[in-house]
There are 2 protein chains.
Amino acid sequence: MEQQVDGQHGGVWDACANSAVRRAARRLGQLYDDAIEGSGLRATQFSLLAQIRLLGAPALQPLASALAMDLSALGHSLKPLLRDGLVTIEPDDRDRRVRRVSLTPAGARRLEDVERAWRAAQQRFEALVGADDAAALQRILSKVASPEFAAAFRAPAPAEDAPSE
Amino acid sequence: MEQQVDGQHGGVWDACANSAVRRAARRLGQLYDDAIEGSGLRATQFSLLAQIRLLGAPALQPLASALAMDLSALGHSLKPLLRDGLVTIEPDDRDRRVRRVSLTPAGARRLEDVERAWRAAQQRFEALVGADDAAALQRILSKVASPEFAAAFRAPAPAEDAPSE
DNA sequence: TTGATTTGCTGGCATATGCCACTATCTTGG
DNA sequence: CCAAGATAGTGGCATATGCCAGCAAATCAA
């Protein structure tokens, strides 16, 4: 029954990768936010802290790249975390343009705490979508989010003979 | 080489479905926005207009549900489109609480124009990720974004015998 | 060395999203 | 019909993101 999704305009809704990914992102945001509710962190902030921990004390630019995020967007997103004392930003000694982000002890602690709730949510996710689909999703999204994908997407249709020059 | 992603904290980055989907969403947002650049629409607005056209003249709540979006978020997102005269909101005759959104002639025209650029981007996307993966992605994301998935995710671990009661 | 260019960030403005409180309507049980 | 509860939206506040215009530091060219 579902709303005649096939008149003559169904193509956009059921084919647009961007729409589909964003829709899923909104849904997962709700679910994961609920899962770690009360921890004082949003799911997005959790991801951000985890990435910072993973990279050590990254400069903003590399961190933004790792997250496929705009530099200034990253800067904005860090503000609540700075305000709450979960991360610090300090200038690099060698290059004074560079500012490095790192977890404070409180940030590291918070991250570990929330990680338990996250793990439960993640297991719930995998159980529901199935191990195979979960793995496939990771693989495909990882490909899509990669810088190589972006470069290829933007490339002006590489000629099959001499793309150089 | 890629940044030792396997120390002892790699689990979050390479397993979190929410992080992965959001990262991909940011990337695709950039790519699709670029693809329809100059049309006067963002990719998100394009999706929104397409969904409105698909549903006819939906009330806000059903439209929000179809997009897995919060009702108030939808309201906010509609404002720029209202301001630019691409959609109108009018009260329902039967139920005066209900307000229905519909495309204006300008909105319908704009949508059709942008659709060409969108189609090119979508084809580019499918060519790059491959038809199989593109289909798998749609299928999995569609499952994840469904209301059933959310309900199951939130369900308090359904007992295998008598979930009723 | 010094001006031109590049690189790394910050800030301002705008959209994208979500939660909560509140208002306006329906709906329903008395 | 009226009060209680459910439903549909709006507005305020906060985070999430992105673009663009600076600003500062490093690098390069002459």
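Values below: all heavy atoms of this structure, side chains included; hydrogens, waters and symmetry mates excluded. Order of the sequence lines sets the chain letters (A, B, ...), proteins ahead of strands, with each chain counted from 1. Predicted, not measured: the structure shown is a model, and the values here were computed from it.
Ion pairing between D133(B) and K143(A) holds under the 4.0 Å rule for side-chain N and carboxylate O.
Here the nucleotide nearest the side chain of S77(B), chosen from dA16(D), dC19(C), dA16(C), is dA16(C). Taking only side-chain atoms of H76(B), from C-beta outward, the nucleotide of dG8(C), dG18(C), dC19(D) with the closest atom is dG18(C).
Taking side-chain N and O atoms only, R96(B) has a distance below 4.0 Å to OP1 or OP2 of dC26(C). The shortest distance between the side-chain N/O atoms of Q45(B) and the OP1/OP2 oxygens of dT15(C) is not below 4.0 Å. Taking 4.0 angstrom as the limit, T44(B) places a side-chain polar atom (N or O) nearer than this to OP1 or OP2 of dA16(C). R26(B) has a side-chain polar atom (N or O) that falls below the 4.0 Å cut-off from OP1 or OP2 of dT17(D). Checking the phosphate oxygens (OP1, OP2) of dT17(D), a side-chain nitrogen or oxygen of R22(B) falls inside 4.0 Å. At dG18(C), one or more side-chain N or O atoms of Q30(A) fall inside 4.0 Å of OP1 or OP2 (strictly under the cut-off). Within the structure, every side-chain polar atom (N or O) of K79(B) is placed at least 4.0 Å from both OP1 and OP2 of dT10(D). Contact between the side-chain N/O atoms of R99(B) and the OP1/OP2 oxygens of dT10(D) is found at a separation under 4.0 Å.
Using a 4.0 Å heavy-atom distance criterion, D95(B) is classed as a sugar-phosphate-only contact. Within 4.0 Å (heavy atoms only), R83(A) reaches sugar-phosphate atoms of the nucleic acid but no base atom. When heavy atoms are screened at a 4.0 angstrom cut-off, L60(B) is found touching the sugar-phosphate backbone but no base atom.
Dense packing is recorded around CG of D92(A), with more than 12 heavy atoms of other residues, nucleotides or ligands lying under 6.0 Å away.
With hydrogens and angles ignored, no donor-acceptor pair closer than 3.5 Å exists between the side chain of S72(A) and the base of dC9(C).
Looking at R26(A), its side chain does come within 3.5 Å of a backbone N or O of L67(B) through a donor-acceptor pair.
Along DNA chain D, the nucleotide closest to D93(A) and the one closest to L78(A) are compared, and the more 5′ of them pairs with L78(A). With the nearest nucleotide of DNA chain C identified for both P80(B) and R27(A), P80(B) has the one nearer the 5' end. Mapping V98(A) and D33(A) onto DNA chain C by nearest heavy atom places V98(A) at the nucleotide closer to the 5' end. For the pair R97(A) and D70(A), nearest-nucleotide mapping onto DNA chain D gives the more 5' position to D70(A).
When every heavy atom of A17(A) is checked against every heavy atom of Y32(B), the shortest pair comes out as CB-OH, 3.7 Å. Nearest heavy-atom pair across I36(B) and A117(B) is CG2-CB, 3.9 Å.
Atom CZ of R94(A) is separated from atom P of dT27(D) by 12 Å (rounded to the nearest Å). We find that CG of L63(A) is positioned 20 Å from P of dT7(C), with the value rounded to whole Å. We find that CG of L41(A) is positioned 12 Å from P of dT15(D), with the value rounded to whole Å. Between L74(A) atom CG and dT10(C) atom C1' the separation is 12 Å, expressed in whole Å. In this structure, the CZ atom of R42(A) is 7 Å from the C1' atom of dA14(D), given to the nearest Å. For the pair E37(A) CD and dC20(C) C1', the computed distance is 13 Å after rounding to whole Å. Spacing between atom CG of L71(B) and atom P of dC19(C) amounts to 11 Å, rounded to whole angstrom units. The interatomic distance linking D34(A) (CG) with dT17(C) (P) rounds to 18 Å, in whole Å.
At a threshold of 4.5 Å between non-hydrogen side-chain atoms, the residues L78(B) and I52(B) count as touching.
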